Enquirer: 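Below is a structure I'd like to ask you about.
For the single chain, residues carry numbers from 1 onward in sequence order. This is a predicted model, so every value here is computed, not measured.
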Amino acid sequence: MPLDIVVGAQWGDEGKGRVIDLLSGRANIVARYSGGDNAGHTVTVGDRTFKLHLLPSGIVHPHTIGLLGNGMVINPATLLEEIKQVREAGIEINQDRIRISHAAHLITPGHLALDAAREEARGAGKIGTTRRGIGPAYTSKVNRSGLRMESILDPDLFLAALSAHIGDVNHQLEALYGAEPLKSEEIIAAYRVYGDQLRPYIGEIGALAAKALAAGEKILAEGAQGTLLDLDHGTYPYVTSSTPTAPGALVGLGLGVGSADQVIGVVKAFQTRVGEGPFPTELEGELAARLRGTGENEWDEFGTTTGRPRRVGWLDLILLRYAVRINGISELALTKLDILSGLRTIKLATTYRIGTEITETLPLGPADLAAVQAVYEEVEGWSEDLTGIRSWEGLPQAARDYVSTIEDRVGVPVKIISVGPERSQVIQR
Ligand code: IMP
């Protein structure tokens, strides 16, 4: 059995956790391949809601093995707290169930402090990061001065490397940003304990994954963030510092190019974004508030990691076509279709106007979006509540037409439709 990759087709928060939860029921191995605890996947099982930031969401299925790939940056404090919470909810976590790549990088308080200091220094040009230290941790990696998980295996060398890293961070904090230095002894004491707790989980996950594939097992690679936050292919510089797109799954797990089978793109029935950066179909006012929700429900549009209200807008098919191309998406999972119930008409951006020109593609990719104006196609809305519907035929005609319009304009079938936050609130075609 092959590797299937689930990717966010927008700016993250597409509801990947829901789709992963559904698909991981059929997987032997579930794997995170990029990013860190900037991600937040809400998984609802019965009356229990889990917020997972680092563990693969599919770990809530007791038969799965969870991998944390070399493409990740891992805050050990967050991971250990998450393991504790998941255990308290009755889910078994041990070194046979969770394996962490020896080549994943550690996030330290130094990275958190640098993330905050750099955002402050950017002023009006800030990126709106989650302040989880993601950018600085990847900077350390690319700079070849990062702390890899494998360093934990030799406690003395690990703590010496950590001490040198904090010294370097303190130099930057003081010299570049006029910020307070960090207290090295406290960090070293905490990381000594984290190291002892994480050591049993560390290993070579690429070989394990390849062996599983050769034995006919199925791996589900769980994307975090989204295509438009990809460091290379997103709305640079308003992006994260990793490769959340599908090819990142191969690099971030150590698998060969031929391993991948399906790429499932998760797309919300409308568009949302947190943080700064261009958003051609963004809505304001009453309609935006209506799509965002009040924040009282888990499902409302407020960041899982930061609690920030998300910016909302109409679905952008130019960007969705781009996501299909960049990831090689073979099928789509459309989430939150139920939220559109009650709108008289619904708009879909199908082309952009740039000056006097109309275009269906992005001249220089999404980094260039600031100059575009969305041109919309307007379709009929529907008034029916969709949350109890479980079949394609059961959907109102206008809802089916909305889905068919998306399929038609992007050239990929919509195989999964979610109509509510519960595991069962899904239509599979
Ligand atoms: P960072 O990843 O914390 O550096 O943040 C960079 C940008 O990516 C910011 O706009 C964040 O809001 C956004 N971002 C990072 N992770 C997520 C996510 O999981 N969902 C949505 N946006 C995210």
Enquirer: To the nearest 0.5 Å, how far apart are CG in L250 and CG in L3?
Expert: 6.5 Å
Enquirer: A side-chain contact here means heavy atoms from C-beta on lying under 4.5 Å apart; do V403 and W392 qualify?
Expert: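 Side-chain contact under 4.5 Å: yes.
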Enquirer: Can E276 and R122 be counted as an ion pair, charged N to O under 4.0 angstrom?
Expert: no
Enquirer: Kindly determine whether I83 and R87 satisfy side chain to side chain contact (heavy atoms under 4.5 Å, CB included), including the steps that lead there.
Expert: CA-CA 6 Å; I83 289 175; R87 273 197 187 126; 3.7 Å; yes
Enquirer: Does some side-chain heavy atom of Y33 sit less than 4.5 Å from a side-chain heavy atom of I5?
Expert: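 Side chain of I5 against side chain of Y33, heavy atoms only: contact under 4.5 Å found.
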Enquirer: For a quick test of reading the model, state the closest non-hydrogen atom pair linking T345 to E378 and the distance between them.
Expert: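 Reported closest heavy-atom pair: OG1-OE2, 2.8 Å.
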Enquirer: Within a strict 4.5 Å, meaning less than it, do heavy atoms of the Y322 and L228 side chains meet?
Expert: yes
Enquirer: Take R429 and V414 through the side chain to side chain contact (heavy atoms under 4.5 Å, CB included) test and state the conclusion after the steps.
Expert: CA-CA 8 Å; R429 296 169 75 199; V414 174; 4.1 Å; yes
Enquirer: Please determine whether the number of non-hydrogen atoms from other residues, nucleotides or ligands lying under 6.0 Å from atom CD of E380 exceeds 12.
Expert: no
Enquirer: Look up atom OG1 in T227 and atom CD1 in I326, then write down how far apart they are to the nearest 0.5 Å.
Expert: 8.0 Å
Enquirer: Parallel under 30°, tilted from 30 to 60°, perpendicular over 60°: which one fits the rings of H63 and H61?
Expert: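 Ring orientation, 0 to 90° scale: tilted.
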Enquirer: Could you check whether any side-chain N or O of N75 sits under 3.5 Å from a backbone N or O of I107, counting only pairs where one atom can act as donor and the other as acceptor?
Expert: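 Answer holds: no.
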Enquirer: Would V169 and L182 satisfy side chain to side chain contact (heavy atoms under 4.5 Å, CB included), going step by step from the backbone distance to the final call?
Expert: CA-CA 8 Å; V169 168; L182 301 171; 4.2 Å; yes
Enquirer: Are the side chains of L386 and I339 in touch, meaning some heavy atoms are under 4.5 Å apart?
Expert: no
Enquirer: Checking the side chain of Y376 only, and the main-chain atoms of W314 only, is there a donor and an acceptor separated by less than 3.5 Å?
Expert: no
Enquirer: Looking only at heavy atoms, which two atoms of A269 and K336 are closest? And how far apart?
Expert: CB-O, 3.9 Å
Enquirer: Could you check R131 against E120 for salt bridge (charged side-chain N to carboxylate O under 4.0 Å, His left out), going step by step and ending with a plain yes or no?
Expert: CA-CA 11 Å; R131 302 206 177 199; E120 296 302 330; 3.1 Å; yes
Enquirer: Indicate whether the side chain of Q271 and that of T281 have a donor and an acceptor atom separated by less than 3.5 Å.
Expert: no
Enquirer: How long is the straight-line distance from CD1 of I427 back to CG of L395, given to the nearest 0.5 Å?
Expert: 4.0 Å
Enquirer: Look only at the side chain of T78 and the backbone of I74, and say whether a donor-acceptor pair between them is shorter than 3.5 Å.
Expert: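 No: the side chain of T78 does not pair with the backbone of I74.
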Enquirer: For residues W11 and T272, is any side-chain donor paired with an opposing acceptor at under 3.5 Å?
Expert: no
Enquirer: First locate atom OG1 of T245, then atom CG of L231, and finally report the distance between them rounded to the nearest 0.5 Å.
Expert: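 Going from the OG1 atom of T245 to the CG atom of L231 covers 9.5 Å.
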Enquirer: Please tell me if the side chains of L337 and W382 come closer than 4.5 Å, counting only heavy atoms from C-beta onward.
Expert: yes
Enquirer: Consider only side-chain N and O atoms of T235 and R273, and report whether a donor and an acceptor are under 3.5 Å apart.
Expert: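 Judged by distance alone, the side chains do pair up.
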Enquirer: For the atom pair CD (E377) and CZ (R409), what is the distance rounded to the nearest 0.5 Å?
Expert: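 Here the interatomic distance stands at 4.0 Å.
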Enquirer: For G69 and A104, which heavy atoms make the closest approach, and how far apart are they?
Expert: O-CB, 3.5 Å
Enquirer: Strictly distance-based, threshold 3.5 Å: is any side-chain N or O of N327 a donor or acceptor partner for the main-chain N or O of I329?
Expert: no
Enquirer: Give the intermediate values and the outcome of side chain to side chain contact (heavy atoms under 4.5 Å, CB included) for residues D13 and K268.
Expert: CA-CA 8 Å; D13 308 316; K268 205 176 277 186; 4.2 Å; yes
Enquirer: Do we see a donor-acceptor contact under 3.5 Å between the side chains of R32 and S57?
Expert: no
Enquirer: Using a 3.5 Å distance criterion without hydrogens, assess whether the side chain of E301 forms a donor-acceptor pair with backbone atoms of L291.
Expert: no
Enquirer: Is a side-chain donor-acceptor pair under 3.5 Å present for T335 with E14?
Expert: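 Per modelled atom types, E14 and T335 side chains form no pair under 3.5 Å.
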Enquirer: When you measure from the side chain of N28 to the backbone N and O of K218, does any donor-acceptor pair fall under 3.5 Å?
Expert: yes
Enquirer: For a quick check under 3.5 Å, do D316 and Y352 share a side-chain donor-acceptor pair by atom type?
Expert: yes
Enquirer: Taking H102 for its side chain and M149 for its backbone only, find out whether a donor-acceptor pair lies under 3.5 Å.
Expert: no
Enquirer: Does one side chain, of H111 or S140, offer a donor that lies under 3.5 Å from an acceptor on the other?
Expert: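 On atom types as modelled, these side chains qualify, holding a pair under 3.5 Å.
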Enquirer: Determine whether V73 and D37 make a side-chain contact, defined as any pair of heavy atoms from C-beta on separated by less than 4.5 Å.
Expert: no
Enquirer: Does D408 use its side chain to pair, donor to acceptor, with the backbone of S404 at less than 3.5 Å?
Expert: no
Enquirer: Do the side chain of E357 and the main chain of I354 share a donor and acceptor less than 3.5 angstrom apart?
Expert: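 No, the answer is negative, given that no donor and acceptor are paired below the 3.5 Å cut-off.
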Enquirer: Taking atom OH of Y236 as the centre, report whether more than 12 heavy atoms of other residues, nucleotides or ligands fall under 6.0 Å from it.
Expert: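 No - once you tally the heavy atoms of other residues, nucleotides and ligands closer than 6.0 Å, there are 12 at most.
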Enquirer: Using atom types as modelled and distance alone, determine if a side-chain donor or acceptor of R321 lies under 3.5 Å from a backbone N or O of T350.
Expert: yes
Enquirer: Just wondering, are more than 12 heavy atoms of other shown residues or ligands nearer than 6.0 Å to CD in E286?
Expert: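 For E286, atom CD is not crowded (no more than 12 foreign heavy atoms under 6.0 Å).
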Enquirer: Restricting to non-hydrogen atoms, name the atom on A224 and the atom on P244 that form the minimum distance, rounded to 0.1 Å.
Expert: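 Heavy-atom minimum between the residues: O-CB, 3.2 Å.
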Enquirer: Could you tell me if the side chain of M72 sits less than 4.5 Å from the side chain of L54, heavy atoms only?
Expert: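 Of all side-chain heavy-atom pairs linking M72 with L54, at least one is under 4.5 Å.
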Enquirer: Between atom CD1 of I205 and atom CG of L255, what is the distance when rounded to the nearest 0.5 Å?
Expert: 7.5 Å
Enquirer: With a 4.5 Å cut-off on side-chain heavy atoms, are V410 and L332 touching?
Expert: yes
Enquirer: Verify the distance criterion only: is there a donor paired with an acceptor across the side chains of T130 and R132 at less than 3.5 Å?
Expert: no
Enquirer: Has E88 got more than 12 heavy atoms of other residues, nucleotides or ligands less than 6.0 Å from its CD?
Expert: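 More than 12 within 6.0 Å, yes.
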Enquirer: Where is the tightest heavy-atom contact between A9 and A323, given as atom of each residue plus distance?
Expert: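 Heavy atoms of A9 and A323 come nearest at O-CB, 3.4 Å.
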Enquirer: Could you report the tightest heavy-atom contact between P76 and L198, atom names first, then the distance?
Expert: CB-CD1, 3.6 Å
